[in-house]
Undergrad: 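One structure, as structure tokens, below. Some questions next.
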Amino acid sequence: MNVLIVGNGGREHALAWKIAQSPQAEKVFVAPGNAGTALDAENVDIPASDTKRLIAFAKENEVGLTLVGPEAPLVAGLVDAMQEAGLRVFGPSQAAAELEGSKVFCKNLLRHADVPSADYRVFRDTESAIHYLTERDDGPAVVKADGLAAGKGVIVCRDRAEALEAVERIAGQKEFGDAGDQLVIEERLVGQEASVLAITDGRTLVTLPAAQDHKPAYDGDKGPNTGGMGAYCPTPLVSEKFLEKVEATVLVPTLHAMKRSRRPFRGVLYAGLMLTKQGHKVLEYNARFGDPECQPLLMRLKSDLLVLLNAAVDGKLDEIEPLEWDPRPAVCVVMASEGYPNEYETGFSIRGLGDAAALPDVKVFHAGTASVDGTIVTTGGRVLGVTAMGDTLAQAKLQAYKAVKCIRWTGAWCRKDISDKAIGL
Ligand code: AMP
Ligand code: GLY
């Protein structure tokens with residue numbers, strides 16, 4: 001079967017690398033891909049936003065399964081358009097992807113489904129939000145733009161002054177455009193975060209081992225929020241038993257509520273959890289694989305991912321064998337451009353990729369890279385996801401950083417403490 005993967009990040013490289021290993025995969029295409037996906041699959045020069053050309057390409061090249069990586073094309077309705085064109089595609093419909101595309105929709109659904117989450121209020125204009133913040137106690141709050149904002153539309157505030165400023169940025173100055181047409185103001189939760197992802201065909205859930213992302217830019221969770229500076233899996237924060245509890249109290253009721261609201265969810269259901277003293281609560285839902293969580297997850301997956309995704313598309317997840325995982329943990333360290341998540345320069349040539357790849361149990365997933373005249377150069381903020389496995393989490397971390405040390409470009413940096421929150425647990 002020919003497979004088309006839509007997207008160009010580290011997640012898509014991991015998906016392409018894993019799917020290319022399936023005996024059922026013939027050609028694996030990535031649109032538009034990066035320098036890494038070009039090594040493990042075949043790049044197609046079509047952006048994720050160009051629905052017409054993606055459909056035409058899939059038809060011309062007898063693509064048997066399309067896999068949509070990022071949230072923007074999901075929320076824009078790529079899955080629906082492809083299905084209408086008679087193509088098989090893995091991912092939620094536009095209506096179901098609202099779970100990620102609208103925080104207001106998500107919060108209301110969680111409330112109806114009785115899924116634990118932070119208390120919240122929705123506002124449609126700046127005045128009522130300001131009024132609410134002025135009336136309530138002066139304390140921490142989280143202000144969120146309703147729509148997609150590339151992970152930047154969530155502002156965690158220490159006090160009323162910061163929250164008022166956040167309201168002004170989102171709803172007043174419209175820093176995130178239309179995404180700020182509605183606002184959610186919610187209680188600030190405190191605890192460790194974990195990512196629990198499940199593959200679903202709308203009826204059956206296949207829950208993957210829990211992972212932990214590192215969203216803030218700098219060591220010790222300092223600095224601005226990013227797309228994710230590293231992840232490891234499994235995380236000892238979520239035991240097998242606890243994972244079952246998350247399934248029963250979070251994933252299953254969400255799936256039922258989506259069905260009841262006539263938006264059956266098929267694809268990857270990704271719950272971002274906060275593990276608070278009062279128990280686990282959902283921070284957000286994503287409608288796709290996490291990036292970078294996907295990289296360490298797929299590095300450990302021994303089963304055939306294509307078989308799993310095909311079963312999900314066919315509504316036959318109840319028929320598949322339990323997934324097999326490498327018992328060794330995996331750690332992914334993101335190497336980024338100087339300045340990220342703010343402005344950064346690109347076009348620097350990357351050295352040492354071969355040395356890193358030669359290390360045992362290491363895979364360097366590309367994100368913001370391109371090949372220019374035979375040289376691999378930086379093109380994005382998050383450039384590489386250097387991923388390694390080890391007998392223990394500490395050994396996986398050591399191996400990942402050994403590989404990081406091999407790689408150089410002007411301004412390259414990374415967090416030095418990926419997976420440390422698990423140590424001593
Ligand atoms: P989201 O894009 O909704 O995942 O939010 C990005 C990050 O903001 C999360 O990973 C959390 O670190 C933080 N966050 C979101 N909601 C809350 C909340 N209610 N309390 C504390 N932190 C939050
Ligand atoms: N790693 C966070 C995300 O994919 O949204």
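For ligands, and for the atoms within them, numbers begin at 1 and follow the listed sequence. Along the sequence shown, residues are numbered consecutively beginning with 1.
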Undergrad: Can you confirm if the aromatic rings of Tyr285 and Tyr270 lie within a centre distance of less than 6.0 Å?
TA: no
Undergrad: Find all protein N or O atoms under 3.5 angstrom from an N or O atom of ligand 2 and list the pairs with distances, or write 'none'.
TA:
residue: ligand 2; atom: 1 (N); partner: Asp213; partner atom: OD2; Å: 2.7
residue: ligand 2; atom: 1 (N); partner: Asp291; partner atom: O; Å: 3.0
residue: ligand 2; atom: 1 (N); partner: Glu293; partner atom: OE1; Å: 2.7
residue: ligand 2; atom: 1 (N); partner: Glu293; partner atom: OE2; Å: 3.4
residue: ligand 2; atom: 4 (O); partner: Arg288; partner atom: NH1; Å: 2.9
residue: ligand 2; atom: 4 (O); partner: Asp291; partner atom: N; Å: 3.0
residue: ligand 2; atom: 5 (O); partner: Asn286; partner atom: ND2; Å: 3.4
residue: ligand 2; atom: 5 (O); partner: Arg288; partner atom: NH2; Å: 2.8

Undergrad: Contacts table for ligand 1: protein N or O within a distance under 3.5 Å of ligand N or O, distances only.
TA:
residue: ligand 1; atom: 2 (O); partner: Glu284; partner atom: OE1; Å: 3.2
residue: ligand 1; atom: 3 (O); partner: Glu284; partner atom: OE1; Å: 3.4
residue: ligand 1; atom: 4 (O); partner: Glu284; partner atom: OE1; Å: 3.0
residue: ligand 1; atom: 4 (O); partner: Glu284; partner atom: OE2; Å: 2.6
residue: ligand 1; atom: 10 (O); partner: Glu193; partner atom: OE1; Å: 2.7
residue: ligand 1; atom: 10 (O); partner: Lys215; partner atom: NZ; Å: 3.0
residue: ligand 1; atom: 12 (O); partner: Glu193; partner atom: OE1; Å: 3.4
residue: ligand 1; atom: 12 (O); partner: Glu193; partner atom: OE2; Å: 2.4
residue: ligand 1; atom: 16 (N); partner: Lys144; partner atom: NZ; Å: 3.0
residue: ligand 1; atom: 16 (N); partner: Glu186; partner atom: OE2; Å: 3.4
residue: ligand 1; atom: 19 (N); partner: Glu186; partner atom: OE2; Å: 2.6
residue: ligand 1; atom: 19 (N); partner: Glu187; partner atom: O; Å: 3.0
residue: ligand 1; atom: 20 (N); partner: Leu189; partner atom: N; Å: 2.8

Undergrad: If a pair satisfies side chain to side chain donor-acceptor pair (under 3.5 Å) and one of its residues is in residues 399-410, list it, with sequence neighbours excluded.
TA: none
Undergrad: Take Arg158 and Asp138 through the test salt bridge (Lys or Arg N to Asp or Glu O under 4.0 Å) and record every step on the way to the result.
TA: CA-CA 9 Å; Arg158 274 172 297 194; Asp138 184 3; over 6 Å; no
Undergrad: Are Lys18 and Glu12 close enough for a salt bridge, meaning some N to O gap below 4.0 Å?
TA: no
Undergrad: Could you tell me whether the side chains of Lys215 and Thr226 share a donor-acceptor contact shorter than 3.5 Å?
TA: no
Undergrad: One thing to verify: whether Lys421 and Asp221 come together as a salt bridge, which I'm taking to mean a side-chain N less than 4.0 angstrom from a carboxylate O.
TA: yes
Undergrad: So, taking the atom named CG in Asn34 and the one named CG in Asn43, what distance separates them when rounded to the nearest 0.5 Å?
TA: 7.0 Å
Undergrad: Considering residues at least two apart in sequence or located in another chain, which fulfil the side chain to side chain contact (heavy atoms under 4.5 Å, CB included) criterion with Pro47?
TA: Ser49, Asp50, Arg53
Undergrad: Under 6.0 Å between ring centres, would you say that holds for Trp413 and Tyr218?
TA: yes
